[in-house]
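Please see the structure below; I have some questions.
Bear in mind the structure is a predicted one, so any value in this text is a computation, not a measurement.
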Amino acid sequence: MNILQINSSARSTGSESTRLADAIVAKLNADGKATVVRRDLAAEPHPVLDEAALQALFTPADQRTPEQAARVALDDALIAQAQAADVIVIGAPMYNFGITVQLKSWFDAIARAGVTFKYGPTGPVGLLTGKKVYVAVTRGGLHKDAPTDTQLPHLKAFLSFVGLTDVQFVFSEGHGLGADAVARARAAAEEQINAVIA
């Protein structure tokens with residue numbers, strides 16, 4: 001089993017979403033036989049999708065400048081990691097009611113027409129199929145099933161768009177509400193992990 005872990009917190013240390021993603025990976029790899037690739041988007045930031053990146057992506061490969069080829073190659077590497085994975089584990093903290101810029105940059109990198117999705121007669125078709133996804137969702141407040149949760153619809157929509165439809169979310173909320181709330185959140189998340197990973 002090949003596991004790809006994406007840590008998308010802005011913190012390279014002390015991140016609750018990374019701690020939870022680590023716990024999911026540890027449970028998945030209890031026998032130690034999996035190959036685990038970890039990409040920390042704080043330690044290794046991926047460039048944002050800007051005008052230069054768009055120009056590079058829309059320039060035919062044989063006409064790209066060396067700089068454009070190098071920029072596209074950065075996205076190619078992330079796509080290859082996602083394609084090679086059997087399981088993808090994403091640490092996804094909520095920042096200001098949404099996903100982090102780090103995770104958005106990873107999403108932008110792996111969404112490539114004709115590679116990870118295509119357009120068919122009835123609309124888009126995801127091509128990253130046959131993979132299990134676990135998303136460790138952490139929040140400072142309590143947003144699950146509330147109007148303030150704009151993060152979860154974004155995550156579901158994007159993952160489905162590229163073909164990642166077998167998705168399990170693990171929630172840990174209330175980390176800004178004091179030590180007791182943190183303890184409850186961590187215990188609840190552990191119960192969820194044990195329930196979804198045999």
Residue list, side-chain hydrogen bond (donor to acceptor under 3.5 Å, both in side chains) with Asn7, at least two apart or on another chain: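 side-chain hydrogen bond (donor to acceptor under 3.5 Å, both in side chains) check on Asn7 returns Gln5.
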
Contact check, side chains of Arg39 and Leu78, non-hydrogen atoms, under 4.5 Å: yes

Any side-chain heavy-atom pair of Asp166 and Lys131 under 4.5 Å: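 When only atoms from C-beta onward are counted, Lys131 and Asp166 do not touch, as no gap falls below 4.5 Å.
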
Side chain proximity check, Asp22 to Arg38, heavy atoms < 4.5 angstrom: yes

Over all atoms of both residues, closest heavy-atom pair of Ala109 and His46: CB-NE2, 3.5 Å

With sequence neighbours excluded, residues passing side chain to side chain contact (heavy atoms under 4.5 Å, CB included) with Tyr119: Phe117, Pro124, Phe161

Co-membership, hydrophobic cluster, residues Val162 and Val37, 4.5 Å side-chain: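 Both belong to a single hydrophobic cluster.
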
Donor-acceptor pair, side chain of Ser17 and main chain of Thr138, under 3.5 angstrom: no

Path from Val167 to Trp106 over hydrophobic side-chain contacts below 4.5 Å: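 Same cluster: Val167 reaches Trp106 through Ile, Leu, Val, Met, Phe, Trp or Tyr contacts under 4.5 Å.
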
Closest contact, heavy atoms only, Ala42 versus Ser9: CB-O, 3.4 Å

Name of the residue among Leu159, Ile99, Leu155 meeting side chain to side chain contact (heavy atoms under 4.5 Å, CB included) with Ile90: Leu159

Flag side-chain contact, heavy atom, 4.5 Å: Tyr95 against Leu103: no

Contact check, side chains of Phe171 and Arg139, non-hydrogen atoms, under 4.5 Å: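 Side-chain contact under 4.5 Å: yes.
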
Nearest-0.5 Å distance, CD of residue Gln151 to CZ of residue Phe97: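 Gln151 CD to Phe97 CZ: 11.5 Å, rounded to 0.5 Å.
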
From CG (Asp40) to CD1 (Ile6), nearest 0.5 Å: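 Atom-to-atom, Asp40:CG and Ile6:CD1 are 9.5 Å apart.
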
Joint cluster assignment, Leu4 & Val115, ILVMFWY side-chain distance < 4.5 Å: yes

Neighbour count above 12 (heavy atom, 6.0 Å) for Glu190 CD: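 12 or below, so no.
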
Pairwise side-chain contact, Pro47 with Leu74, heavy-atom cut-off 4.5 Å (strictly under): yes

CD-CZ distance between Gln68 and Phe58, expressed to the nearest 0.5 angstrom: 12.5 Å

Contact check, side chains of Val135 and Gln168, non-hydrogen atoms, under 4.5 Å: no

Mutual orientation of the aromatic rings belonging to His154 and Phe107 [parallel < 30°, tilted 30-60°, perpendicular > 60°]: tilted

Nearest-0.5 Å distance that lies between atom CZ in Arg112 and atom CG in Asp76: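 Going from the CZ atom of Arg112 to the CG atom of Asp76 covers 4.5 Å.
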
Closest non-hydrogen atom pair, His175 against Ala185: NE2-CB, 3.7 Å

Check: Ser12 side chain, Ala43 main-chain N or O, donor-acceptor pair, under 3.5 Å: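 Not confirmed, Ser12 side chain does not pair with Ala43 backbone.
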
Side-chain hydrophobic cluster, 4.5 Å single linkage: members besides Ile193: Met1, Ile3, Leu20, Ile24, Val25, Leu28, Val36, Val87, Val89, Tyr134, Val170, Val196, Ile197

Atom of Ser172, atom of Ala189 and distance for their closest heavy-atom approach: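 Here Ser172 and Ala189 meet closest at CB-CB, 4.1 Å.
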
In one Ile/Leu/Val/Met/Phe/Trp/Tyr side-chain cluster, 4.5 Å: Ile79, Val133: yes

Gln102 and Pro45, any side-chain heavy atoms less than 4.5 Å apart: no

Electrostatic pair Glu16:Arg186 at N-O distance under 4.0 angstrom: yes

Nearest atoms (heavy-atom pairs only) where Gly14 meets Arg11: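 In this case the closest contact between Gly14 and Arg11 is O-NH1, 3.7 Å.
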
Ser105 side chain vs Val101 backbone, donor-acceptor pair below 3.5 Å: yes

Same apolar cluster (I L V M F W Y, side chains within < 4.5 Å links), Leu142/Val182: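 No, separate clusters.
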
Candidate pair Leu57 and Asp75, rule side chain to side chain contact (heavy atoms under 4.5 Å, CB included), full reasoning: CA-CA 10 Å; Leu57 288 164; Asp75 289 0; 4.2 Å; yes

Point-to-point distance, once rounded to the nearest 0.5 Å, from CG of Asp86 to CG of Asn2: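 The distance works out to 5.0 Å.
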
Sidechain N-carboxylate O distance under 4.0 Å for Asp180, Arg184: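 No, this pair does not count.
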
Contact summary for Leu177 and Gly140, nearest pair of heavy atoms: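 Minimum heavy-atom contact is CG-O, 3.8 Å.
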
Inter-residue atom distance His143.NE2 - Met94.CE, 0.5 Å rounding: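 So the gap between those two atoms works out to 5.0 Å.
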
Asn194 atom CG: more than 12 heavy-atom contacts under 6.0 Å: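 Atom CG in Asn194 is crowded, with more than 12 foreign heavy atoms closer than 6.0 Å.
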
